[in-house]
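Taking it in order: structure first as structure tokens, then the write-up.
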Amino acid sequence: MRDINVLNDYFVRYLFSSKDSNLILLDFINSTMLDANMKTFRSVEILTPFNYKENYDDKETIVDVKCITQNGSVVIIEIQLQGNSRFPERILYYWASNYSKLLKQGEKYDALTPVISINLLNFNLDDNDCIHSCYMIYDTKSKRLLTDHLQIHIIELKKFKDNLLDKDLDCWIKFFTIKEKDNREVIMSELVKEKPIMEEVQKRYNNFIKDRLMMNEYDKREAYLYGNQIMLEEERKLGIEEGFKKGIEKGIEQGIEKGIKENQILTAKNMKNKNIDITLISDITGLSIKEIEEL
């Protein structure tokens, strides 16, 4: 059977937000919470049910998966295959957008509930070794928590190494980082032994790749993502080339300026050694009288 990219957001939405996916989604959320020493949840209700057909032009305005827990907390899950150092601002924007929608006109602020953002990134935001980071709002001195309404989890898949996370999240990230060259059947068999819910995950994976309609939509999404990746790489390449060109030009310009300055100083020193009037030296070299006196 054909293997697929499990980080394809169309597949992730099928896995987490299709009919009867609540237990799978709940397990992934709780695994993330446990790894960050946060409270877990008893149940979730999916707010973005999976659709076979999608409009990719609208992709930038929605999150991949959204649900609400039994205590009213909203959890949003985003899969991102490529990005840059400004991606945290995007995460915060998405969080703010979802938080602001919780309050209807005329409602009081106590109607607001926490919004938890979980982000699976297939690129590195920085060069530290932390796989899973959890961000909240703290006072910089006392470390006192201002509110628990903002909670942002960033999981950087490229940094993943076995057994560095809590065992439950470790299983999930192993699943999301299976490579094409890996023996999926063997790995999934091991994951099922470690975590029984992974048996249901494997069943849904198999159902997905057997469904011609879903695979057709999956292929469209892969082509769309590949096109975006090529465009991004070309933009980066052009940016690097342009930056290199400008760097050379800037370097030449700075080199000329430095050479002129050094020549001015050398000329001033020679004239000063011959006891020529400082004012005249200044007029000839362009250096200030103070600069000449300090030589």
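In this structure, Leu15 and Ser21 approach most closely via the heavy-atom pair O-OG, 3.1 Å. Across every non-hydrogen atom of Arg13 and Asp64, the tightest pair is NH1-OD1, 2.7 Å. Taking all atoms of both residues into account, the shortest heavy-atom contact from His153 to Gln151 is NE2-OE1, 2.7 Å. Here the shortest heavy-atom pairing between Val44 and Asn22 reads O-ND2, 2.9 Å. When all heavy atoms are compared, the tightest approach of Pro88 to Leu125 is CD-CD2, 3.9 Å. For the pair Ile91 and Ser117, the tightest heavy-atom approach, listed with the atom from each and the gap, is CG2-OG, 3.8 Å.
Residue pairs meeting the side-chain hydrogen bond (donor to acceptor under 3.5 Å, both in side chains) criterion with at least one member in residues 33-42, sequence neighbours excluded: Asp35-His132. Note on residues 98-118: pairs passing ring-ring contact (aromatic ring centres under 6.0 Å, His included), not counting sequence neighbours, are Trp95-Tyr99, Tyr99-His149. Among residue pairs with one or both ends in residues 135-159, those qualifying as salt bridge (Lys or Arg N to Asp or Glu O under 4.0 Å) are Asp126-Lys159, Glu156-Lys159; sequence neighbours excluded. Applying the salt bridge (Lys or Arg N to Asp or Glu O under 4.0 Å) definition to pairs two or more places apart or across chains, none involves residues 104-116.
A salt bridge does not link Lys193 to Glu190: none of the charged side-chain nitrogens sits closer than 4.0 Å to a carboxylate oxygen.
Residue Phe50 forms a ring pair (Phe, Tyr, Trp, His ring centres under 6.0 Å) with just one option from Phe16, Phe11, Tyr10, and that option is Tyr10.
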Output side-chain donor-acceptor pairs under 3.5 Å for residues 194-202, partner residues at least two apart or in another chain, one line each.
residue: Lys195; atom: NZ; partner: Asp27; partner atom: OD1; Å: 2.9
residue: Lys195; atom: NZ; partner: Asp27; partner atom: OD2; Å: 3.3
residue: Lys195; atom: NZ; partner: Asp168; partner atom: OD1; Å: 2.9
residue: Glu200; atom: OE2; partner: Arg204; partner atom: NE; Å: 3.3
residue: Gln202; atom: NE2; partner: Asn206; partner atom: OD1; Å: 3.4

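Contact check for Ile155 versus Asn119: no side-chain heavy atoms found under the 4.5 Å cut-off. With a 4.5 Å cut-off on side-chain heavy atoms, Leu120 and Phe28 count as touching. Taking 4.5 Å as the limit, some side-chain heavy atom of Ile77 sits within range of a side-chain heavy atom of Leu25. Taking the side chain as every heavy atom from C-beta outward, Thr113 and Leu102 approach each other to under 4.5 Å. Contact annotation: the side chain of Val12 approaches that of Phe176 to within less than 4.5 Å [non-hydrogen atoms, C-beta and beyond]. Side-chain contact between Val75 and Ile118 is present, with at least one heavy-atom pair separated by less than 4.5 Å. Contact annotation: the side chain of Leu92 approaches that of Leu150 to within less than 4.5 Å [non-hydrogen atoms, C-beta and beyond].
Residues passing the ring pair (Phe, Tyr, Trp, His ring centres under 6.0 Å) test with Phe41: none are found, sequence neighbours excluded. Here Phe87 pairs with Phe123 under the ring pair (Phe, Tyr, Trp, His ring centres under 6.0 Å) rule; sequence neighbours left out. For Asp170, the side-chain hydrogen bond (donor to acceptor under 3.5 Å, both in side chains) test picks out Lys174, with sequence neighbours left out. Listed by chain and residue number, nothing satisfies the ring pair (Phe, Tyr, Trp, His ring centres under 6.0 Å) test with Tyr138 (two or more places apart in sequence, or in another chain). For Asn122, there are no side-chain hydrogen bond (donor to acceptor under 3.5 Å, both in side chains) partners two or more places apart in sequence or in a different chain. Not counting sequence neighbours, Phe175 has no partner by the ring pair (Phe, Tyr, Trp, His ring centres under 6.0 Å) test. In this structure Glu293 satisfies the salt bridge (charged side-chain N to carboxylate O under 4.0 Å, His left out) test with no other residue, sequence neighbours excluded.
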Run Val6 and Ile178 through side-chain contact (heavy atoms from CB on, under 4.5 Å) and show every step you take. CA-CA 8 Å; Val6 294; Ile178 295 176; 5.7 Å; no
Report the C-alpha distance between Met136 and Thr147 in whole Å, list the side-chain angles of each, state the deciding distance to 0.1 Å, and finish with yes or no for side-chain contact (heavy atoms from CB on, under 4.5 Å). CA-CA 8 Å; Met136 300 180 76; Thr147 176; over 6 Å; no
Going through the checks in order, is the side-chain contact (heavy atoms from CB on, under 4.5 Å) test met by Cys67 and Glu45? CA-CA 5 Å; Cys67 65; Glu45 176 187 348; 5.9 Å; no
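One N or O on the side chain of Asn98 and one on the backbone of Tyr94 form a donor-acceptor pair closer than 3.5 Å. In terms of modelled atom types and a separation under 3.5 Å, the side chain of Thr177 and the main chain of Ile173 share a donor-acceptor contact. Of the possible donor and acceptor atoms, none in the side chain of Asp182 sits under 3.5 Å from a partner among the backbone N and O of Arg184. With Glu291 contributing its side chain and Ser288 its backbone, the two residues share a donor-acceptor pair below 3.5 Å.
When the shell of 6.0 Å around CG of Asn128 is examined, it contains more than 12 heavy atoms from other residues, nucleotides or ligands.
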